[in-house]
Amino acid sequence: MRVSRLMLVTLREIPADAEITSHQLLLKGGFIRRVASGVYAYLPLMWRVLKKITRIVQQEMDSTGALETLLPQLQPSELWKQSGRWEAYTAGEGIMFNLKDRQNRYLGLGPTHEEVITSLAKELINSYRQLPVTLYQTQTKFRDEIRPRFGLMRSREFIMKDAYSFHANQECLDKTYKSMDNAYRNIFSRCGLKVLAVEADSGAIGGVASQEFMVTAEAGEDNILTSPDGKYAANQEKAVSIPPMAKPLELSKDSLIETPLNGSINSLCKTLEIEASQVVKVILMLGKIEGKKPQPILISLRGDQELNEVKLTNAIADILKAEVLDLHKITPNQLKLEGLSELPFGAIGPDLTNDALSKAKTWSSSFLRIADRTAIDLRTFLCGANKLNLHRICNGWEGMPKDTISADLRNSQAGDSCVHDPTQRLQEKRGIEVGHIFQLGRKYSDALEARFTNEEGTSESFWMGCYGIGVSRLAQAAVEQNNDEHGIIWPISIAPFEVIIVIANVQDETQLKLGEILYQRMKDSNIDVLLDDRKERAGVKFKDADLLGVPLRVIVGRDAKEGKIELLRRLDRQSIVINQQDALKKIIAQINELKPPEFQ
RNA sequence: CGGGGCGUGGCGCAGCUUGGUAGCGCGGGUGCUUUGGGAGCACUAGGUCGCAGGUUCGAAUCCUGUCGCCCCGACCA
């Protein structure tokens, strides 16, 4: 390809709305253009990158025996109602774009494909003899994100590889799960990415075992907690740890304490000269629960701990045996709308009585009370006295409502001791999730009644796994991890081109001719080569070459008349002057050197 | 959804407070010079100031509404 024919538009100034480096560089280098919020056009250069990633993904998936397919993006609501996800994915802050066709049928734009694939498996697979089978596809997915941001990192339309496996039993699922884990590690390593595998919550998709693959980068949106010995890594939602000990509280008698105008735990503690770990704080939330009345939830936490909403959601679902569709803090305005009297926010205790809900119009009339174990473990603590600006000292939980359920609700934090080895202290990192593998179990096959006949001749639901890679996100994550002050440095395996030939001055016949000869030779040797034949000044072309991040650069310039060219490596700007006859050999050698060792 | 901010040539911005019919830098086109790190000079094209109402003799500027985009947040109010 010739740069003069590439529709290349690089920007001198960074567009104002790009926040993180990778987003800025992709815009500046002419790789992507925003079309709407969270919706991007992949320009020709970017498309080459995406195709290269896809190719690697295909090779690794194929080598596990998975079958490539292509499923519809437009999906009938019926399938989603059968799996029970239609409500959760469309109501409230649901992320599924949905629409009505001319016959008033409801459809969703696929954010994922469990329903479709499971219903196909139901139709196509009847016997254990057909199992196991894994299907995968690479295509555009749609998610109406609450807040799209950072270019391709969190977009509303994105490219994803998703795979689904079907098995006759858990052991077989385990085997495929492991082979996917292995394939994923190969994929990321071949793409030139440093990726960390972490334990994860399976979230809205449901299921048992789950692992995320994180590109470590400051700009990442996810918090990861790791142990220095490398034996434990989990994302914030899932991470467990041993919290620091609470400082024992000296005062022992029940006593009321005036605490006017204490906006926060911190100021409360400062005024009373106590530690946050000696306080029990209460948060009131309202959960929308499938098939039930809105449920007020009273959450008790130790003052120095943070609420983990994912753990809370899981705990609620577990206790009520129903899906949690939505979970939000209760606001004074909501209380008013519900016909309830005001509550002493800021001074609520774990024993706030259900009387507070007695006049509720639509809500359940009693609290679901859940307390984090660290709060339950406190012997003596300070908590709200259920009256504005009033707190009190409590001696243990004896006097508290009997229906308080203990659960792990807290966020693990950097510095906490690790469960597997208390001498290890958790460290915090930021990461970009580029892959996620799950063992779904039988959640979807049960819901959609997707069954096969097993060896005993009886009917049984499929065991399922699902495995995703955010292809477009991975491409941007690669930029986030590989760049310098001059621009992008693509890992060679996913670079839009492997080599760029820059003819310093196309008006110089000798340079132009030599450039063209080298270009032809490289094309003949199947090298992905780009020829910068533009009638621009050399400086402009060098700047663009840096920005575009092509790993190897051949400069045909002044020394062309002696048959010499310069070969420059983008990564470290090491350059050598060589005879043009040796060019091809040297370039091929360098291309191989730049690949990860195990794939040269 | 809550809070904050911004919409003015392709990009980055000024002008708005104090109304008088639009400007700067970069980019585009043409010509000459230049030619290894985002060149110089000259000429030139390009904007119903997001949109809709209103106030006014007169609106980019003031008022109302609306659309779009960006940032922060959703852990005791």
[X] has an atom [atom1]; how far is it from atom [atom2] of [N], in whole Å?
| X | N | atom1 | atom2 | result |
| --- | --- | --- | --- | --- |
| A:I14 | B:rC11 | CD1 | P | 15 Å |
| A:R156 | B:rG68 | CZ | C1' | 11 Å |
| A:E19 | B:rC71 | CD | P | 6 Å |
| A:F150 | B:rC69 | CZ | P | 17 Å |
| A:R34 | B:rC71 | CZ | P | 10 Å |
| A:K28 | B:rC26 | NZ | C1' | 12 Å |
| A:R149 | B:rA74 | CZ | P | 10 Å |
| A:D326 | B:rA74 | CG | P | 16 Å |

For A:R570 and A:N482, which I'm curious about, is there any donor-acceptor pair between the side chains at under 3.5 Å?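 A:N482 and A:R570 do not have a side-chain donor-acceptor pair below 3.5 Å.
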
In whole angstrom, give me the gap between the [atom1] atoms of [N] and [M].
| N | M | atom1 | answer |
| --- | --- | --- | --- |
| B:rC63 | B:rC1 | C1' | 28 Å |
| B:rG5 | B:rG50 | C1' | 16 Å |
| B:rG29 | B:rC13 | P | 24 Å |
| B:rU48 | B:rA52 | P | 12 Å |
| B:rG46 | B:rC24 | C1' | 15 Å |
| B:rC62 | B:rG68 | C1' | 23 Å |

With a 4.0 Å cut-off on N to O distance, would you call A:R369 and A:D351 a salt bridge?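 Result for this pair is no, no salt bridge flagged.
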
Lys/Arg N to Asp/Glu carboxylate O, A:K141 vs A:E157, below 4.0 Å: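 Not counted as a salt bridge, because no side-chain N and carboxylate O are separated by less than 4.0 Å.
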
side-chain hydrogen bond (donor to acceptor under 3.5 Å, both in side chains) for A:N483 and A:T21? Distances and angles first, verdict last. CA-CA 8 Å; A:N483 67 76; A:T21 310; 5.2 Å; no

Nearest-neighbour nucleotide for the [X] side chain, [options] considered:
| X | options | value |
| --- | --- | --- |
| A:I146 | B:rA74, B:rC75, B:rC69 | B:rA74 |
| A:R573 | B:rG37, B:rC71, B:rA74 | B:rG37 |
| A:K543 | B:rG37, B:rC69, B:rC1 | B:rG37 |
| A:R12 | B:rG37, B:rC70, B:rA39 | B:rA39 |

Any idea how A:W47 and A:Y42 line up, ring-wise: parallel (<30°), tilted (30 to 60°), or perpendicular (>60°)?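 Ring orientation of A:W47 relative to A:Y42: parallel.
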
My understanding is that only residues two or more places apart in sequence, or in another chain, count here; which of them pass side-chain hydrogen bond (donor to acceptor under 3.5 Å, both in side chains) with A:Q590?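 Counting only residues at least two positions away or on another chain, A:Q590 forms no side-chain hydrogen bond (donor to acceptor under 3.5 Å, both in side chains).
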
Across the strands shown, which category fits [X] at heavy-atom distances under 4.0 angstrom: base, sugar-phosphate, nothing?
| X | value |
| --- | --- |
| A:L335 | nothing |
| A:R534 | nothing |
| A:D546 | base |
| A:D544 | base |
| A:K329 | sugar-phosphate |

Hey, does the side chain of [X] reach the backbone of [Y] with a donor-acceptor pair shorter than 3.5 angstrom?
| X | Y | value |
| --- | --- | --- |
| A:K281 | A:I348 | no |
| A:K541 | A:I503 | yes |
| A:N579 | A:D582 | no |

So which nucleotide does B:rC69 pair with, by the Watson-Crick or G-U wobble rule with both distances under 3.5 Å?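 Partner of B:rC69: B:rG5.
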
Does B:rA42 have a Watson-Crick or wobble partner in any strand here, with both distances under 3.5 angstrom, and which is it?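 B:rU30 - that is the nucleotide pairing with B:rA42, both distances being under 3.5 Å.
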
For A:T10 and B:rG38, is the shortest distance between a side-chain N/O and OP1 or OP2 below 4.0 Å?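 Checking A:T10 against B:rG38: no side-chain N or O falls below 4.0 Å of OP1 or OP2.
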
Give every pair of a protein N or O atom and an N or O atom of nucleotides 32-36 of chain B that lie under 3.5 Å apart, one pair per line with the distance.
residue, atom, partner, partner atom, Å
B:rU34, O2, A:R537, NH1, 2.7
B:rU35, O2', A:N505, ND2, 3.4
B:rU35, O4, A:Q507, NE2, 2.7
B:rG36, O2', A:R558, NH2, 2.8
B:rG36, O6, A:R558, N, 3.1
B:rG36, N1, A:E566, OE1, 3.2
B:rG36, N2, A:E566, OE1, 2.6

For A:S366 and A:N354, what are the C-alpha separation, side-chain angles and deciding distance, and is it a side-chain hydrogen bond (donor to acceptor under 3.5 Å, both in side chains)? CA-CA 5 Å; A:S366 59; A:N354 289 335; 4.6 Å; no

Validate the cation-pi geometry between A:R85 and A:Y89: distance from NZ or CZ to the six-membered ring centre under 6.0 Å, angle to the ring axis within 45°.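 Yes, A:R85 and A:Y89 form such a contact.
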
For a quick check, with a 4.0 angstrom heavy-atom cut-off, what is the B/S/- contact string for nucleotides 2-10 of chain B, read 5' to 3'? ---------

